[in-house]
A.B. asks: 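Below you will find the structure I want to go over with you.
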Amino acid sequence: MLSPDLIDSLFPADLPGPEHWEKRYPPRDLPPGAQVTRFGPSPTGYLHIGGVYVAMVDADLALHSGGAYLLRIEDTDQARLTEGATEQFADGLTYFTISPTEDDLSGHYGPYVQSSRAEIYLSYVRELLRRDRAYLDFATKADLQDITAKQRAAGALPGYYGKWAIWRDASEDQVREKLLAGEPYVVRFRSPGLSGGRVSYTDAIRGELSADDNRNDAVILKSSDQPLRLPTYHFAHAVDDHLMRISLVVRSDEWLSSVPLHLQLFDALGFDRVQYAHVAPLMKQDGSSRRKLSKRKDPEASVGFFIEQGYPAEAVQYYLRGLANGRLAELPLPEALATPIELSGFNAAGPLVDLVKLDDISADYVATLPADAIMGQVATWAEAYDPALAEVLAAEPDLARRVLDIERVDVPNPRKDLRRWADFRPVYGYFFPQIFVPVTDPADDRFGGLAPDLVRQVASAFADQYQAPGPDVEWFNQIRELATQLGFAPNAKTYKKDPEAYPGSIREASQVIRVLLTGSGRSPDLAQVAGALGVDEVLRRIRAVV
RNA sequence: GGUCCCGUCGUCUAGUGGCCCAGGACGCCGCCCUCUCAAGGCGGUAACGCCGGUUCGACUCCGGUCGGGACUACCA
């Protein structure tokens with residue numbers, strides 16, 4: 001055990017003791033059952049959709065229990081900090097309307113950035129040192145590698161524990177000598193774990209869990225050669241979650257195996273243990289197996305993907321909530337968003353994220369929106385991600401409105417052709433001559449393999465006798481007539497009966513017109529499209545291929 | 001290697017011993033509607049990983065096994 005003098009000489013003379021922090025951050029005065037939660041992203045990269053998932057759960061639990069939810073930036077790894085990450089977190093969480101109930105401006109439990117809490121951690125490290133629950137470790141990287149190698153050779157478990165913990169029982173003289181020589185050190189927790197010991201605890205999602213007790217003397221304070229002395233995740237977790245008076249820690253299940261250590265830390269520090277809820281991470285199918293959604297490999301792992309594609313926040317939230325609690329997926333969207341997420345409703349296994357399902361949800365959601373709302377959202381999105389489209393929209397707001405109204409207003413089944421705002425250009429862009437690219441190649445794939453000659457014939461026959469839609473015009477008759485003349489079957493059924501007798505049915509013929517007019521195989525009612533375009537533009541597009 | 005977690009249709013899941021030769025949703029396929037694409041309506045497809053045990057009875061309980069995943073850092 002180190003002498004008090006030596007220990008104190010390691011810290012600022014005016015460093016307050018734990019009682020100071022205890023007083024400064026008193027227990028919260030909250031109604032019974034209120035949950036205090038936190039989301040603690042590490043600004044070492046961009047926000048992961050799994051982060052949004054967990055943050056959403058945190059915020060929802062706090063909201064519905066009358067508690068508090070806070071965002072804590074966990075930047076103890078100063079070496080891996082990424083420029084702009086904190087701002088990106090804020091943007092991403094804002095997009096999904098997940099906002100903390102307290103922050104540096106309004107909260108009493110800050111600062112909410114770990115690098116600003118260095119002094120607090122130091123107080124508790126010193127306390128542990130004074131009580132001999134921690135010790136100084138001067139092992140170098142080479143020492144550590146050496147230990148690992150020997151353990152491997154001996155078939156022992158890896159780690160810094162027992163007889164392998166070379167500084168665990170070092171004498172004060174040894175420590176003084178190293179200190180004098182200016183050698184850097186870390187502070188390690190003196191684990192009370194015994195060989196063969198077991199721990200058990202209750203996880204709010206998984207129930208009773210047990211594991212081998214922790215025996216590893218984990219590092220709690222990083223190297224003394226760093227300008228800012230910060231703790232490791234484990235120690236910061238214990239100190240912060242206690243002092244911020246967090247009642248429930250919701251985190252990804254990769255932390256499950258660290259729980260024994262965390263429990264020891266809470267106990268050694270004299271803190272009440274927190275309740276844990278370990279959620280399974282979002283997964284991705286990879287060949288025949290599945291793995292955690294990876295930021296490196298999967299574009300949809302990044303929150304940016306959803307924002308850039310312009311997925312409506314409500315649709316993504318609805319999808320994520322359904323993943324969290326299956327029964328929410330059975331509810332209509334408004335109810336699902338309003339119904340509290342329950343810890344007991346989680347599945348212990350990690351779900352695969354299914355973009356096809358999200359698309360379906362999103363299309364359904366957009367179909368419920370009035371044209372005005374869609375216009376506003378598309379315009380906002382386009383300003384950031386498709387400036388040319390934004391310009392066109394701003395120049396022709398009336399056209400844009402009319403376009404969005406087609407088959408959306410006063411119809412029993414509104415079109416479901418918009419899943420994300422990025423769909424606007426491929427789905428409706430052709431209405432705007434400024435951004436429309438005419439189809440000029442009769443062999444274009446979009447014609448579905450119809451003979452190029454026939455494509456040309458359809459186009460020129462159509463153009464030659466074209467009549468704009470009007471009160472006295474049966475617009476589609478034009479197509480029907482030319483289709484008959486060119487030998488197309490009058491309907492799909494007739495064609496199906498004898499496919500050899502026709503080049504195709506009226507369906508194929510009208511698809512030629514559709515593709516020429518819109519550049520797409522999918523569009524609203526052709527007569528309405530033609531009407532919106534005007535005679536000149538219709539003819540220009542049809543003749544582009546002749 | 002060790003420890004821990006997980007395992008129902010392709011996917012998300014319902015199911016807490018008989019209501020299940022397993023229900024819903026998405027997907028896919030087909031049919032219908034329709035002058036054309038969608039949308040919509042109707043129908044179909046498809047699963048309890050495997051082996052034992054407990055029980056009158058097991059998707060549900062127990063054991064094993066296989067498979068998948070996480071952790072095993074001065075990363076979080």
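Values below: all heavy atoms of this structure, side chains included; hydrogens, waters and symmetry mates excluded. All chains are named by letter (A, B, ...) in the order of the sequence lines, taking the proteins before the strands, and each is independently numbered beginning at 1.
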A.B. asks: Who passes side chain to side chain donor-acceptor pair (under 3.5 Å) against A:Ser344, sequence neighbours left out?
C.D. replies: none
A.B. asks: For A:Arg480, give me all partners under side chain to side chain donor-acceptor pair (under 3.5 Å), at least two apart in sequence or on another chain.
C.D. replies: A:Asn477
A.B. asks: Is there any protein nitrogen or oxygen under 3.5 Å from a nitrogen or oxygen in nucleotides 11-16 of chain B, and what are the pairs?
C.D. replies:
{"unit_1": "B:rC12", "atom_1": "OP1", "unit_2": "A:Arg290", "atom_2": "NH1", "d": "3.3"}
{"unit_1": "B:rC12", "atom_1": "OP1", "unit_2": "A:Arg290", "atom_2": "NH2", "d": "3.4"}
{"unit_1": "B:rC12", "atom_1": "OP1", "unit_2": "A:Leu352", "atom_2": "N", "d": "3.1"}

A.B. asks: Taking only residues two or more places apart in sequence or in another chain, which ones pass side chain to side chain contact (heavy atoms under 4.5 Å, CB included) with A:Asp364?
C.D. replies: A:Asp360, A:Lys416
A.B. asks: With sequence neighbours left out, write down each residue that passes side chain to side chain contact (heavy atoms under 4.5 Å, CB included) with A:Asn413, or none if nothing qualifies.
C.D. replies: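 By the side chain to side chain contact (heavy atoms under 4.5 Å, CB included) rule, A:Asn413 matches no residue at all.
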A.B. asks: Go through the structure and list residues passing side chain to side chain contact (heavy atoms under 4.5 Å, CB included) with A:Ser257, not counting sequence neighbours.
C.D. replies: none
A.B. asks: Could you tell me which residues satisfy salt bridge (charged side-chain N to carboxylate O under 4.0 Å, His left out) with A:Arg152, sequence neighbours excluded, listed by chain and number?
C.D. replies: none
A.B. asks: Excluding sequence neighbours, so at least two apart, what forms side chain to side chain donor-acceptor pair (under 3.5 Å) with A:Arg117?
C.D. replies: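 Partners of A:Arg117 under the side chain to side chain donor-acceptor pair (under 3.5 Å) test: A:Asp240.
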A.B. asks: Pick base, sugar-phosphate or nothing for A:Glu254, based on heavy-atom distances below 4.0 Å to the nucleic acid.
C.D. replies: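 Counting heavy atoms under 4.0 Å across all strands, the contact made by A:Glu254 includes a base.
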A.B. asks: Could you please name the partner base of B:rC19, counting Watson-Crick and G-U wobble pairs only when both distances are under 3.5 Å?
C.D. replies: none
A.B. asks: Does the separation of the ring centres of A:Phe306 and A:Tyr311 fall below 6.0 angstrom?
C.D. replies: yes
A.B. asks: Should B:rG1 form a Watson-Crick or G-U wobble pair with both distances under 3.5 Å, which nucleotide is its partner?
C.D. replies: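 With both distances under 3.5 Å, B:rG1 matches B:rU72.
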A.B. asks: With a 4.0 Å limit, can you tell me whether A:Ser252 has a side-chain N or O closer than that to the phosphate oxygens OP1/OP2 of B:rA70?
C.D. replies: no
A.B. asks: I'd like to check the side chain to side chain contact (heavy atoms under 4.5 Å, CB included) partners of A:Ala238; sequence neighbours left out, ordered by chain and number.
C.D. replies: A:Leu265, A:Phe266, A:Leu269
A.B. asks: Taking any strand in view, what nucleotide pairs with B:rU36 in a Watson-Crick or G-U wobble way, both distances under 3.5 Å?
C.D. replies: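 Here B:rU36 is not engaged in any pair, so there is no nucleotide opposite it.
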A.B. asks: Short of 4.0 Å, heavy atom to strand atom, which residues of residues 183-201 of chain A count as contacting RNA chain B?
C.D. replies: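 Listed by number, they are A:Val186, A:Arg188, A:Arg198.
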A.B. asks: Give none if B:rC26 has no partner; otherwise give the nucleotide forming a Watson-Crick or G-U wobble pair with it, both distances under 3.5 Å.
C.D. replies: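 WC or wobble partner is B:rG10.
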A.B. asks: In chain order, what residues pass the side chain to side chain donor-acceptor pair (under 3.5 Å) check against A:Thr140, with sequence neighbours excluded?
C.D. replies: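 A:Thr140 satisfies side chain to side chain donor-acceptor pair (under 3.5 Å) with A:Asp143 once adjacent residues are dropped.
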A.B. asks: Each nucleotide N or O in nucleotides 28-34 of chain B that has a protein N or O under 3.5 Å away: list the pair and distance.
C.D. replies:
{"unit_1": "B:rC31", "atom_1": "OP1", "unit_2": "A:Lys496", "atom_2": "NZ", "d": "2.9"}

